[in-house]
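Everything numeric in this text was worked out from a predicted model, so none of it was measured.
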Amino acid sequence: DQQVKQNSPSLSVQEGRISILNCDYTNSMFDYFLWYKKYPAEGPTFLISISSIKDKNEDGRFTVFLNKSAKHLSLHIVPSQPGDSAVYFCAASDNYGQNFVFGPGTRLSVLP
Amino acid sequence: DTEVTQTPKHLVMGMTNKKSLKCEQHMGHRAMYWYKQKAKKPPELMFVYSYEKLSINESVPSRFSPECPNSSLLNLHLHALQPEDSALYLCASSPTGYNEKLFFGSGTQLSVL
């Protein structure tokens, strides 16, 4: 039973437009969320995080939104660039924060 | 130094071999992790060490044996693996292990023949 879901396996976006990647979770104890970007045969690279006391966090082109009541978060990338093409993982942890559960990932392709 | 270094990058081993994966960080982090990632799947947590003590073992088979010799090093000893254990093994670290981002290494791609 997946506790963290990313229902879109893939997403294609034109360069310069907005990319929106979605993530849903089922465990109401999750209170800290991370987004990672991953290229093949490399380790995941941290992008942005958000804790449950916030509903938005912004870092440059990346913004994460959290809707606790809907158990939903989204990552917005504006403007999208070809170098953003990668697999994006959403991850969540509970109060103790040691066990991060990852979603299945969304492959983003940014087309020039 | 903001890197987590894993060696080797690639490893091919037979089912009767014994090998070890190594991970090192010099960021002063006190929590270190082993994750396993199969192709087109998310990383799955195997072990967590917190302040050099094993704090989480996600029901991993005993053919995988973790070791944390000191706060900078993490090993994963492999023995009698199965072909289905072939995967990318990722090491990560975080400052204290509580609601902080993980810093990942680039992984060891393991193939078991």
Side-chain angles (χ1 to χ4, degrees), chain A residues 1-10 21 23-25 27 29-54 57 59 62 64 66 75 86-108, chain B residues 2-11 21 23 25 27 29-51 53-60 87-111:
Chain A
D1 183 29
Q2 280 187 336
Q3 297 188 72
V4 179
K5 302 175 187 182
Q6 293 175 256
N7 291 324
S8 298
S10 63
L21 296 101
C23 177
D24 297 286
Y25 60 97
N27 188 339
M29 297 298 291
F30 287 151
D31 63 355
Y32 186 61
F33 305 89
L34 306 167
W35 282 95
Y36 280 87
K37 169 181 171 179
K38 188 176 184 301
Y39 297 114
E42 290 187 10
T45 303
F46 171 77
L47 284 173
I48 195 168
S49 64
I50 190 166
S51 76
S52 59
I53 61 172
K54 291 186 167 186
N57 190 23
D59 185 1
F62 303 93
V64 56
L66 175 63
L75 174 68
V87 177
Y88 288 77
F89 290 100
C90 169
S93 73
D94 59 19
N95 294 340
Y96 300 100
Q98 286 203 328
N99 186 356
F100 282 96
V101 179
F102 283 76
T106 295
R107 180 175 300 280
L108 174 65
Chain B
T2 58
E3 278 192 351
V4 175
T5 304
Q6 289 188 244
T7 55
K9 291 195 181 307
H10 302 275
L11 179 62
L21 309 184
C23 175
Q25 56 86 17
M27 295 178 277
H29 289 177
R30 304 310 301 269
M32 296 186 78
Y33 308 73
W34 281 115
Y35 278 84
K36 172 182 177 179
Q37 186 178 22
K38 303 277 277 183
K40 299 187 178 179
K41 296 286 187 183
E44 291 182 354
L45 183 66
M46 299 175 73
F47 302 104
V48 181
Y49 273 84
S50 180
Y51 292 83
K53 293 193 187 315
L54 184 65
S55 58
I56 295 179
N57 176 343
E58 289 290 311
S59 303
V60 179
L88 181 67
Y89 287 84
L90 294 162
C91 174
S93 70
S94 66
T96 64
Y98 295 94
N99 274 0
E100 300 154 332
K101 67 183 183 186
L102 303 179
F103 291 75
F104 280 91
S106 56
T108 294
Q109 187 67 54
L110 174 67
S111 297

>> Before you tell me yes or no, could you show the steps for B:W34 and B:L21 under side chain to side chain contact (heavy atoms under 4.5 Å, CB included), namely the whole-Å CA-CA distance, both residues' side-chain angles and the distance that decides it to 0.1 Å?
In response: CA-CA 10 Å; B:W34 281 115; B:L21 309 184; 3.9 Å; yes
>> Working note: B:F47 + B:Y35, criterion ring pair (Phe, Tyr, Trp, His ring centres under 6.0 Å); need CA distance, chi angles, decisive distance, verdict.
In response: CA-CA 7 Å; B:F47 302 104; B:Y35 278 84; over 10 Å; no
> Are A:F46 and B:F104 close enough, and set up right, to give a ring pair (Phe, Tyr, Trp, His ring centres under 6.0 Å), and what steps lead you there?
Replying inline: CA-CA 8 Å; A:F46 171 77; B:F104 280 91; over 10 Å; no
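B:K41 touches chain A through its backbone: at least one of N, CA, C or O sits under 4.5 Å from a heavy atom, while the side chain does not. Neither the backbone nor the side chain of A:Y39 comes within less than 4.5 Å of any heavy atom in chain B. For B:Q6, no part lies under 4.5 angstrom from a heavy atom of chain A. In this structure, chain A has no heavy atom under 4.5 Å from any part of B:E44.
Taking both residues in full, the closest heavy atoms of B:V4 and B:S93 are given as CG2-OG, 3.7 Å, listed atom of the first, atom of the second, then distance.
Put simply, of B:G107, B:A92, B:A39, B:P43, the one with the most heavy-atom pairs under 4.5 Å next to chain A is B:P43.
Between A:F89 and A:F102, the two ring planes are perpendicular [angle over 60°; tilted spans 30° to 60°].
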